[in-house]
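Residue numbers start from 1 in every chain, and the chains themselves are labelled A, B, ... in the order their sequence lines are given, proteins ahead of strands.
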Amino acid sequence: MKYDFAAIEPKWQKKWEEAKVYAAEDGSDKPKFYGLIEFPYPSGQGLHVGHPRPFTAMDIVTRKKRMDGYNVLFPIGFDAFGLPTENYAIKNHIHPAIVTKQNIANFTRQLKMLGYGFDWDRCVDTTDPNYYKWTQWIFLQLYKNGLAYKTTMPVNWCTSCKCVLANEEVVEGVCERCGSPVIRKEKSQWMLKITAYAQRLIDDLDDVDFIERVKIQQRNWIGRSTGAEVTFKATTGDDIVVYTTRPDTLFGATYMVLSPEHALIKQWQPQLKNWDDVTAYQKMAASKSDLERTDLNKDKTGVKLDGVAAINPVNGREIPIFISDYVLSSYGTGAIMAVPAHDDRDWEFAKKFGCEITEVVSGGEDVQKAAFTAKDETGILVNSSFLDGLTVKDAIPVITKWLEEKGIGHAQVNYKLRDWVFSRQRYWGEPIPMVWCDKCGWQPLPESELPLLLPEVESYEPTDDGESPLSKMTDWVQTTCPCCGGPARRETDTMPQWAGSSWYFLRYMDPHNNEALASPEALQYWSPVDWYNGGMEHTTLHLLYSRFWHKFLYDIGVVPTKEPYQKRTSHGMILGEGGEKMSKSRGNVVNPDDIVTAYGADTLRLYVMFIGDFEQAAIWSDNAVKGCKRFLDKVWNLAESCSDSLAYTKANEPGIHKCIKKVADDIEGMKFNTAIAAMMTLVNDMTQNGCSKGDMKSLITMLSPFAPHIAEELWEMLGFSGEGFVCQQRWPEYDASKTVASEISMAVQVNGKVRATITVPADADQAAIVAAAQADPKVQKFSAGMQLVKTIVVPGRLVNLIVKP
RNA sequence: GCCGGAGUGGCGGAAUUGGCAGACGCGCGGGACUUAAAAUCCCGUGGGAGCGAUCUCGUGCCGGUUCGAUCCCGGUCUCCGGCACCA
């Protein structure tokens with residue numbers, strides 16, 4: 001018989017489904033294991049070969065856990081709200097809900113075709129009202145706890161999507177999704193106070209097992225810095241508070257800079273002699289796009305405030321005040337003390353505007369030529385009165401204490417993280433369950449009215465005026481105030497796509513619950529997610545957002561753990577044959593359907609795991625896929641030709657035991673490529689040595705997490721199906737003593753160069769090994785007439801003989 | 001600029017508490033089977049020298065430590081990713 005994957009694969013998929021072999025059991029006595037993958041966005045293009053890489057990896061991990069006796073939860077769902085579906089719906093005049101349904105059906109077909117051990121009964125869809133009811137419920141809890149607020153501020157506006165973007169969605173000044181320029185637009189937006197959790201989002205990383213680069217990226221994004229807030233007096237008598245990380249350089253502050261949006265500027269209008277210049281500059285700064293404003297190559301610009309100055313509180317000197325867009329209104333206090341001698345940006349500005357540059361930290365080059373910014377022990381304070389002679393590190397606490405005693409400053413921590421802009425002016429998202437009443441202000445919808453359904457509209461087109469399509473639905477918008485019963489208006493913006501994905505892993509624990517997002521028992525049993533694998537691109541988006549929501553849910557007693565995910569790993573991208581990203585426009589997209597048709601799902605699964613280091617990017621190769629198919633053919637042929645004995649073949653036994661351990665360790669360490677290589681080596685050896693049914697039994701069991709269909713078929717073919725499915729068997733027993741051969745081969749070096757290989761009994765002592773090495777003719781050739789000075793023996797590996805003439 | 005990661009055959013990649021560099025796979029060369037091709041099987045496959053046994057060079061580059069370095073240390077170059085006027 002031939003290996004007929006096209007018949008085998010659907011056969012076993014059906015049998016697994018009927019027997020519900022992958023169903024997770026609530027509250028089982030077995031230890032639980034919750035393995036999670038990032039649920040896909042069901043795009044119209046269907047599954048991409050990038051998907052099977054992380055999916056197969058976690059499928060292998062969870063299958064192995066089942067074989068180790070765990071009660072496994074390995075769920076799947078769809079993150080189905082989002083712009084591509086909405087845009088497709090607009091273009092083709094189909095309701096997004098219909099498009100979503102079709103796409104989910106196609107994704108489901110493809111995922112089932114690949115034989116993943118998902119518990120399909122727990123499948124979730126973020127666009128299902130029974131699901132987004134709870135997304136809305138969480139929003140209401142955030143609102144009730146003061147963590148959701150509406151404010152008018154300049155926000156990132158994507159000119160193409162016609163929609164507001166979160167800080168995290170803007171990459172190098174353009175829209176993360178479509179690449180169009182992002183401009184700043186003044187808009188009233190719902191915000192989530194993620195900044196209230198900044199410190200905990202950093203601190204709690206210490207307690208979880210995330211790969212280091214994820215932790216580093218999150219810490220950098222949150223951007224904690226320590227320093228001091230210092231109050232300067234203006235000549236008008238007003239206080240100007242600045243934030244600095246270098247209070248030690250206070251004596252070197254020779255001017256101040258306010259951001260163009262700073263509130264004091266308006267207040268000073270009567271005193272300012274160049275008011276027109278000031279307002280012109282403010283206007284210019286406000287009109288700049290993000291890209292222009294953050295361009296580091298451009299010259300520093302600014303305007304000196306004519307008529308108002310500040311007093312440096314440490315030395316009483318009067319210093320000028322400027323406004324400039326290199327100071328951001330949204331960080332710190334929106335005002336800085338400028339120390340041009342010890343800050344590159346201030347130095348550049350000072351040179352252009354002719355400000356004084358005073359050295360207060362010695363140890364660098366001439367500060368008139370470049371700023372000296374070192375913060376280590378190389379710098380010693382000078383020109384700084386009582387700080388003179390101290391290092392930077394020692395001076396900071398001294399000056400901070402001094403500021404506190406004088407009541408003009410205090411230690412301060414700041415974060416780069418900003419609050420999360422949560423409104424989107426689009427149709428295909430969760431309605432925000434809030435109502436505006438002219439009398440009562442913003443009112444939350446009563447929880448009993450959830451879900452607030454997304455209404456049917458005539459057109460989903462986004463509008464140029466920045467209003468959501470929902471705003472045109474007058475009968476939906478007009479409502480009554482939940483507080484006073486008077487006329488009121490609904491919020492017409494929707495939630496961002498990141499809302500539904502911020503808590504979906506909780507819904508999997510109890511997906512059909514109508515009373516709560518999940519029952520306390522289910523949450524208690526399954527939390528936290530034991531292992532979550534996903535893309536690095538979500539590190540400062542989904543991963544950060546969902547940690548924030550989870551911490552909030554913990555605080556209000558809904559979930560039992562501080563952190564949602566115990567372990568986080570990440571996979572590399574799969575690139576097209578030229579090493580470029582796969583994309584429709586490049587025409588290098590590989591469709592999993594084609595590979596499955598040509599070679600079968602097991603080959604595809606094996607290939608995406610064998611392709612290279614799981615964490616690194618990998619280049620797709622049609623040719624290399626064939627190698628995996630050949631391997632499965634060899635396994636098939638081996639099964640057909642094996643002997644009937646149920647015992648291990650003597651010659652194969654050590655190799656089988658080594659492989660059992662190697663594959664188990666490699667799965668745990670996500671080194672799937674070397675796990676497969678080990679099985680290939682074993683199969684090659686078994687082909688050489690001949691093999692028994694007993695050998696095959698272990699091989700098939702080890703292979704089953706990787707290539708589950710062929711494993712089931714061979715299991716049945718060899719007559720093991722009476723013991724149940726192979727995917728329900730225990731992992732083969734490993735016996736270290738069986739891996740030890742009676743004789744071992746060792747390399748012999750003379751002066752560090754390999755000259756020979758000797759075979760010695762495994763239990764030979766050092767003297768015997770050295771004697772055997774010296775007896776080797778090749779070794780004698782290189783050591784003849786020389787004196788043995790030293791011998792190094794590394795047991796089981798090599799002997800090094802050091803000789804001298 | 002700051003913070004990460006990576007440089008190993010024709011290619012994807014193995015091997016690090018410092019111990020035989022190139023596992024496994026692809027590709028390629030030769031052979032078997034075939035009328036032929038595909039598939040399959042066998043042999044070979046880092047560079048250089050030699051008929052050969054062998055010798056020699058070799059993990060981006062330069063140095064160091066060591067009996068021994070892809071691995072550790074110092075320096076340097078290149079590529080990739082993230083952040084970026086965050087005071």
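- The listed nucleotides are B:C26, B:G4, B:C24; the one nearest the side chain of A:Asn623 is B:C26.
- For the ring pair (Phe, Tyr, Trp, His ring centres under 6.0 Å) test with A:Tyr326, the passing option among A:Phe349, A:Tyr331, A:Trp347 is A:Phe349; the others fail.
- Judged as a salt bridge (charged side-chain N to carboxylate O under 4.0 Å, His left out), the pairs with a partner in residues 603-612 of chain A (not counting sequence neighbours) are, in order, A:Asp59-A:Arg605.
- For A:Ile619 and B:G27, the CD1 to P distance is 17 Å, given to the nearest whole Å.
- Residue A:Val327 is classed as a base contact, given a heavy-atom separation below 4.0 Å to a base.
- For the P atoms, the distance from B:G30 to B:C20 is 35 Å, rounded to whole Å.
- Atom P of nucleotide B:G13 and atom CD1 of A:Ile574 are separated by 11 Å, given to the nearest angstrom.
- Both A:Asn414 and A:Asn684 lie near RNA chain B, and the one whose nearest nucleotide falls closer to the 5' end is A:Asn684.
- Using modelled atom types, one finds a donor on one side chain and an acceptor on the other under 3.5 Å when comparing A:Lys626 with A:Asn623.
- Separation of atoms CD1 (A:Ile60) and CG (A:Asp666) is listed at 11.0 Å; rounding is to 0.5 Å.
- Pairs passing the side chain to side chain donor-acceptor pair (under 3.5 Å) check and including a residue from residues 751-760 of chain A, sequence neighbours excluded, do not occur.
- Going from atom CE of A:Met573 over to atom P of B:G5 covers 19 Å, rounded to whole Å.
- Contact annotation: A:Asn673 side-chain N/O to B:A14 OP1/OP2 distance is under 4.0 Å.
- At whole-Å resolution of the value, CG in A:Leu801 and P in B:G68 are 14 Å apart.
- With rounding to the nearest 0.5 angstrom, the NE2 atom of A:His342 is 10.0 Å from the OG1 atom of A:Thr373.
- Remark: the separation of the C1' atoms in B:G46 and B:A32 is 28 Å, to the nearest Å.
- Side chain to side chain, A:Arg418 and A:Thr195 fail the donor-acceptor criterion of an N or O pair below 3.5 Å.
- Side chains of A:Ile222 and A:Lys416 form no contact here, defined as non-hydrogen atoms less than 4.5 Å apart.
- Residue A:Asp346 is classed as having no contact, given no heavy-atom separation below 4.0 Å to the nucleic acid.
- Distance from the side chain of A:Ile216 is smallest to B:G4 among B:G4, B:C24, B:C67.
- Only the C1' atoms considered, B:G48 is 29 Å distant from B:C42, to the nearest whole Å.
- Look at CD1 on A:Ile611: it is 17 Å from P on B:G25, rounded to the nearest Å.
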Report all interatomic pairs (protein N or O, nucleotide N or O of nucleotides 15-20 of chain B) with separations under 3.5 Å.
residue: B:A15; atom: OP1; partner: A:Lys671; partner atom: NZ; Å: 3.3
residue: B:G19; atom: N2; partner: A:Gln749; partner atom: OE1; Å: 3.3
residue: B:G19; atom: N2; partner: A:Asn800; partner atom: ND2; Å: 3.4
residue: B:C20; atom: N4; partner: A:Ser745; partner atom: OG; Å: 3.4

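- Between A:Lys671 and A:Glu615 there is no salt bridge, since none of the side-chain N atoms of the basic residue sits less than 4.0 Å from a carboxylate O of the acidic one.
- Atom OH of A:Tyr331 and atom C1' of B:A84 are 13 Å apart (whole Å).
- The listed nucleotides are B:C3, B:G25, B:C55; the one nearest the side chain of A:Arg755 is B:C55.
- In this structure, the nucleotide among B:C41, B:C55, B:U54 sitting nearest to the side chain of A:Lys634 is B:C41.
- Glycosidic torsion of B:G9 falls within 90° of 0, placing the base in syn.
- Heavy atoms of A:Asp613 sit under 4.0 angstrom from primed sugar atoms or phosphate atoms, though from no base atom.
- Using a 4.0 Å cut-off, no side-chain N or O of A:Asn220 falls inside it from OP1 or OP2 of B:C83.
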So which protein nitrogen or oxygen atoms get under 3.5 Å of nucleotides 37-40 of chain B's nitrogens or oxygens?
residue: B:U40; atom: OP1; partner: A:Arg630; partner atom: NE; Å: 3.4

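- Ion pairing between a basic and an acidic side chain is recognised when a charged N comes within 4.0 Å of a carboxylate O; A:Arg219 and A:Asp206 show such pairing.
- For B:C71 and B:U16, the C1' atoms lie 4 Å apart once the distance is rounded to whole Å.
- B:C43 and B:C55 have their C1' atoms separated by 25 Å, given to the nearest Å.
- Taking side-chain N and O atoms only, A:Tyr326 has no distance below 4.0 Å to OP1 or OP2 of B:A87.
- In this structure, the NZ atom of A:Lys416 is 11 Å from the P atom of B:C3, given to the nearest Å.
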Any chance you could list the contact pattern along nucleotides 43-48 of chain B? Use B for base contacts, S for sugar-phosphate-only contacts and - for none, protein heavy atoms under 4.0 Å, 5' to 3'. ------
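- Comparing B:C57 with B:U8, their P atoms are spaced 22 Å from each other, to the whole Å.
- Between the side chain of A:Tyr243 and the backbone N or O of A:Val413 there is no donor-acceptor pair closer than 3.5 Å.
- No contact: A:Ala338 has no heavy atom under 4.0 Å from any strand.
- Note on A:Thr244: only backbone sugar-phosphate atoms sit closer than 4.0 angstrom, heavy atoms only; bases stay farther off.
- When the P atom is compared between B:C11 and B:G60, the two are found 14 Å apart, to the nearest whole Å.
- As judged by a 4.0 angstrom heavy-atom cut-off over every strand, A:Phe782 is placed among residues touching the sugar-phosphate backbone only.
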How would RNA chain B look in dot-bracket form, 5' to 3', counting Watson-Crick and G-U wobble pairs with both distances under 3.5 Å and writing | for bases paired to another strand? (((((((..(((......[....)))((((((.......))))))((((....))))..(((((..]....))))))))))))....
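- Between A:Lys369 and A:Glu359 no salt bridge is recorded (no basic side-chain N to carboxylate O distance below 4.0 Å).
- A salt bridge is absent between A:Lys778 and A:Asp776; no separation between the charged side-chain nitrogens and carboxylate oxygens falls under 4.0 Å.
- Side-chain contact between A:Val421 and A:Asn156: absent, with no pair of heavy atoms (C-beta onward) separated by less than 4.5 Å.
- Judged by the 6.0 Å and 45° rule, A:Lys629 forms no cation-pi pair with A:Tyr599.
- Aromatic rings from A:Tyr255 and A:Phe322 are positioned such that their centres are separated by under 6.0 Å.
- To the nearest angstrom, P of B:A84 lies 18 Å from CG of A:Asp344.
- Side chains of A:Tyr607 and A:Ile595 form no contact here, defined as non-hydrogen atoms less than 4.5 Å apart.
- Rounded to whole Å, the separation between the C1' atoms of B:U70 and B:A14 comes to 12 Å.
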